[in-house]
Every structure is written in C-alpha cells, then in structure tokens.
Amino acid sequence: MLGKFAVSTAFAVAYAYTAELYPTVLRNTAVGACSTASRIGSIIAPYFIYLRTYSVSLPYIIVGSLTVLTGLLSLLLPESFGMPLPDTISQMQRFPGCCRKRPYVLTNTEAEENAAEEKSPARQL
C-alpha cells in the first residue's frame with residue numbers, strides 16, 4: 001500500500017510540477033509529452049521481470065538504479081516556489097536551473113510586454 005501511495009503521489013506531483021516548469025506557450029504540449037513518457041514507462045515496467053532469465057537480481061538492480069538516477073536528476077530541476085510562472089520561451093531560458101542560482105524576476109520591459117498583450121484586442125475575444 002505504501003508503494004501504491006508513492007506511485008500515485010509521484011503522478012500527481014509530476015502533473016503539477018510540469019505545469020509550473022514550462023512556459024505558457026508550451027504548457028499543454030509539455031504536460032502531454034511528460035504524461036506520455038510516464039505512461040510508456042508504466043507499460044514497459046512489468047516486462048523487467050523477464051530479465052530474470054539472465055540474472056536473478058538484474059530486475060532489482062535496474063529498477064533500483066533507475067530510481068536513484070531519477071531522484072538525483074530531479075535535484076537539477078529549478079525551484080519554482082515563490083517565482084512568477086514564465087509566459088514565453090525567452091523568459092524560460094533565464095529561469096534558474098542547476099547552474100543558475102539567481103531567481104528569475106520580471107523586468108520592467110517584460111512587465112510592459114505582458115500588460116500590452118493583456119490589453120490587445122485579440123486577447124479580449
């Protein structure tokens with residue numbers, strides 16, 4: 001039951017974090033791509049048991065190493081707490097990741113661009 005709880009939590013967090021990580025123009029596509037990748041992983045996972053024909057411990061080694069690798073790679077993702085969500089791809093490129101420690105803040109020109117986009121007649125339709 002604890003494992004099922006952890007898997008369900010991981011799927012829920014993946015959807016929420018993916019939506020925060022990508023800019024608005026790519027958000028739907030990114031959430032769909034991440035969902036597809038997770039579903040493919042769920043489809044492939046039961047077939048790991050057939051690796052026992054090569055070695056009894058091989059399925060455990062592969063699943064355990066993939067889990068540790070995924071956990072370590074998740075540490076490289078940027079922190080999105082308390083930051084404005086990026087609206088464009090150019091804002092996303094300046095979003096802090098593993099190597100950028102300075103937080104992303106809207107500059108005056110970006111705030112003016114966002115205000116102009118909201119006031120445009122095409123947005124009001």
Side-chain angles (χ1 to χ4, degrees):
M1 291 302 292
L2 187 63
K4 175 105 171 101
F5 173 74
V7 169
S8 299
T9 303
F11 273 115
V13 168
Y15 283 114
Y17 191 73
T18 303
E20 289 182 7
L21 188 61
Y22 291 100
T24 304
V25 295
L26 295 175
R27 194 162 291 142
N28 289 336
T29 305
V31 170
C34 290
S35 175
T36 301
S38 68
R39 300 297 177 180
I40 289 172
S42 298
I43 292 168
I44 293 173
Y47 294 105
F48 280 6
I49 197 70
Y50 295 121
L51 294 173
R52 292 185 81 171
T53 58
Y54 300 109
S55 174
V56 175
S57 60
L58 188 59
Y60 302 112
I61 292 170
I62 290 178
V63 171
S65 61
L66 286 175
T67 303
V68 170
L69 179 68
T70 303
L72 291 174
L73 288 176
S74 70
L75 295 174
L76 300 177
L77 292 171
E79 175 62 46
S80 61
F81 179 71
M83 293 187 191
L85 294 178
D87 289 328
T88 63
I89 296 173
S90 62
Q91 290 175 352
M92 185 63 213
Q93 290 173 346
R94 292 190 308 268
F95 209 73
C98 65
C99 300
R100 297 190 88 172
K101 301 301 180 196
R102 197 183 76 203
Y104 164 75
V105 291
L106 283 174
T107 60
N108 289 339
T109 56
E110 291 172 351
E112 292 170 3
E113 288 175 8
N114 290 343
E117 286 178 6
E118 289 177 3
K119 292 179 182 178
S120 70
R123 288 283 276 186
Q124 295 175 356
L125 294 177

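None of the values given here were measured: they were computed from a predicted structure.
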Notebook entry, point to check: Who else is in the cluster with Leu58 when I, L, V, M, F, W and Y are joined by side-chain contacts under 4.5 Å?
Noted result: Ile40, Ile44, Phe48, Leu51, Tyr54, Ile62, Val63, Leu66
Notebook entry, point to check: In the hydrophobic clustering (ILVMFWY, side-chain contacts below 4.5 Å, transitive), which residues join Tyr47, or is it alone?
Noted result: Ile49, Tyr50
Margin query: Tell me every residue that passes side-chain hydrogen bond (donor to acceptor under 3.5 Å, both in side chains) with Ser42, counting only those two or more places apart in sequence or in another chain.
Written below: none
Checklist line | Considering all heavy atoms, the nearest Pro59-Arg52 contact | finding: CG-CG, 3.5 Å
Note to self: Please determine whether the number of non-hydrogen atoms from other residues, nucleotides or ligands lying under 6.0 Å from atom OH of Tyr15 exceeds 12.
What the structure shows: yes
Next item on the list: Report yes or no: do Val31 and Tyr17 belong to one cluster of Ile/Leu/Val/Met/Phe/Trp/Tyr joined by side chain heavy-atom distances under 4.5 Å?
Entry: no
Note to self: Please check: side-chain N/O of Thr36 versus main-chain N/O of Gly32, any donor-acceptor pairing under 3.5 Å?
What the structure shows: yes
Checklist line | Main-chain N/O of Phe5 paired to Ser8 side chain as donor or acceptor, under 3.5 Å | finding: no
Check: Hey, what do you get for OG1 (Thr18) to CG (Leu26), rounding to the nearest 0.5 Å?
Finding: 12.5 Å
